[in-house]
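Below is one structure, written out as structure tokens; the observations come after it.
Quick note: numbers below take in every heavy atom, side chains included, and nothing from hydrogens, waters or symmetry partners. Convention: sequence-line order gives letters A, B, ...; per-chain numbering from 1. Model, not experiment: these values are computed from the prediction.
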Amino acid sequence: MEGYEFSASFLRWLVYGALGLTVIGTTTLLVLLAKDWKRGTLW
Amino acid sequence: VDATGAILSGQTAWMLVAVFSVLWVALGYFWGRKTKSLDGHMLADRNVGLALGTATAVATWITSNTTMLAPQFALQMGIWGMLAYCTAATGLFLFAPMARRIRTLMPNGFTSGEFFRLRFGKEAWLLFLAISLFYAFTWLVSMAIAGGVLLQALSGIPYRAGMSVILLVCTLYTLFGGLKAVIGTDLIQSLIILIGIVAVAIATLGQADLGQVHTLLAQKRPALLDAFFPAALMAIFNNLLFGLGEVFHSNVWWSRAFAMRPGVGERAYKLAGVLWLPVPIVAGFIALAAPALDINIPQVNMVAPLVAAKLLGAGGAIMVFIVVFSSLASSIDSLLASTSDLITQDVVGGLIRPGASEELLKRASSWVTIGLSFAAWLVCLGENRDLATVLFRAGPLVGSAIWPVIHGLYRNTTNPTGVTSAMVAGSVAGLWAYYTLGWYTASLIGTVVSMLIVLSTSKLAPRPFDWALLDPQRAD
């Protein structure tokens, strides 16, 4: 394993993947919020 | 950025602190004004829905460590450092099915301490309370210290003033609104944090090409790209087990399991795990981009704000300040609320005044919140910054509670004496490892020793348990 390094494409995949997941997750949270709000089931 | 490294003027910072403090306290008052019962104050009437349930789990798990320490991890341990940090999401994923089981077995439960008392008896309960309260108080103190230190570093607000204000604000809205205030503000805080880090990440990507970042790292700091980075690989195990121990035992997470309406807990915790998982990478990678952006980093723990301020100017500095303030508040309020619950229910209602009325417990709860916050404030006044590292020594202690919780929740043969012995032996062995072998082995050894004792004693001397006893109201 020694000397083996993460490639630029892995770094790209990792960062854009994480960013994409955060955006999707945040959007999902907002959609769920709107649904709970509409149904009166927030708490 | 001024000579001290502050990215924001004291005046602007105080204004932001004032605006958000008034907002949190007013919302706390608004949400708590109709709450009359103990269930309502401590557990938001046990009726929290999916959106708020998810948001509160995410916001609480995103501490100021996640937004500030993840970039530092990236700067010191590279790609593996970020990945190591992400493993803390495992705690949320694995707790998801447990949250459902907890809600089903204890529909009227209040605290994780109550589970230990009903499931394993007095000895294990007292030991658990000692471990859990020590851990919660240490976490609270370390967050308040982080608050003072960070506000000072970002804006020059004196340490004692920043630390006092953030503790006072969180205490006020927790006091007024109970868990509803904590969960409601958590939603707003989680959205601020998520949108803030995404904005900074997009701005960074707009100015630094990742290919160029990779080339520069390979030239200047090749170790950060190393796929075999021993220190970082060890950090993974420690972070993973620390996260599991923290989530499994802590009343912060159990109280949310009790507070969510039936059928919500499992989905909320899973979703929270998915949302939290990428945060250390999104917040962390900007540290790797610093060399490509030609940003000088005088202090490693200030890398995130410095990059944001450089890329986004005054707006970026304000955004980072609000994100840090939100991530501090979302953790401090949760710790205050759930630790107060643990002290009120288990210490006051369980030890000092068994059989106390609901009215008395509700009043006690307010005094406990004030007392807890005051005690934390007194400790933080000492400015002993090393106290924050005490939290890492608590790793093996909470690690030793992982198996008692898992086995006790899913197997009806767990031996209570075995559980007590497992927590004692696991804690002692883990602390020994911390001082002799190295910090990164402590949680691992504490957890494994405890696991072996729980499994072997339950196999050799099983003690059958009736699950109905976990819900005394039904058992009556």
Non-hydrogen atoms of chain A under 4.5 Å away: do they reach the side chain of [X], the backbone, both or neither?
{"X": "M82(B)", "result": "side chain"}
{"X": "L50(B)", "result": "both"}
{"X": "T215(B)", "result": "neither"}

| message | Looking at F10(A), I'd like to know if the NZ or CZ of R12(A) sits under 6.0 Å from its six-membered ring centre while staying within 45 degrees of the ring's axis. | response |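 That pair does not qualify as a cation-pi contact.
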| field | Heavy-atom pair count under 4.5 Å with chain A, highest-scoring of L224(B), L210(B), V274(B) | value |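 Among L224(B), L210(B), V274(B), the one with the most close pairs to chain A is L210(B).
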| task | Heavy atoms only, distances under 4.5 angstrom: which of V279(B), V58(B), L277(B), L187(B) has the most pairs with chain A? Name it, please. | result |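 Highest number of heavy-atom pairs under 4.5 Å: L187(B).
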| task | Using a cut-off of under 4.5 Å on heavy-atom pairs, state which of G20(A), A34(A), A18(A) scores highest against chain B. | result |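 Top option by heavy-atom pairs under 4.5 Å: A18(A).
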| Option that, when pairs with chain B are counted at under 4.5 Å, heavy atom only, ranks first among T28(A), L32(A), V15(A) |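 It is V15(A).
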| message | Apply side chain to side chain donor-acceptor pair (under 3.5 Å) to residues T174(B) and D333(B) and explain how you reach the verdict. | response | CA-CA 6 Å; T174(B) 307; D333(B) 63 4; 5.6 Å; no
| Which residue pairs pass the side chain to side chain donor-acceptor pair (under 3.5 Å) test when at least one of the two sits in residues 39-59 of chain B, sequence neighbours left out? |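 Non-adjacent pairs meeting side chain to side chain donor-acceptor pair (under 3.5 Å): D39(B)-R46(B), N47(B)-R261(B), T56(B)-D186(B), T56(B)-R256(B).
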| Are W31(B) and Y173(B) close enough that their ring centers fall under 6.0 Å? |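 No, they do not, as the ring centres are separated by 6.0 Å or more.
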| Is it the backbone or the side chain of I24(A) that comes under 4.5 Å from a heavy atom of chain B, or both, or neither? |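 The answer is neither part of I24(A).
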| query | Which pair of heavy atoms, one from A283(B) and one from P71(B), lies closest together, and at what distance? | reply |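 Of all heavy-atom pairs spanning A283(B) and P71(B), the closest is O-CG, 3.2 Å.
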| field | Side-chain (R103(B)) to main-chain (M260(B)) donor-acceptor, under 3.5 angstrom | value |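 Checking the backbone N and O of M260(B) against the side chain of R103(B), a donor-acceptor pair under 3.5 Å is found.
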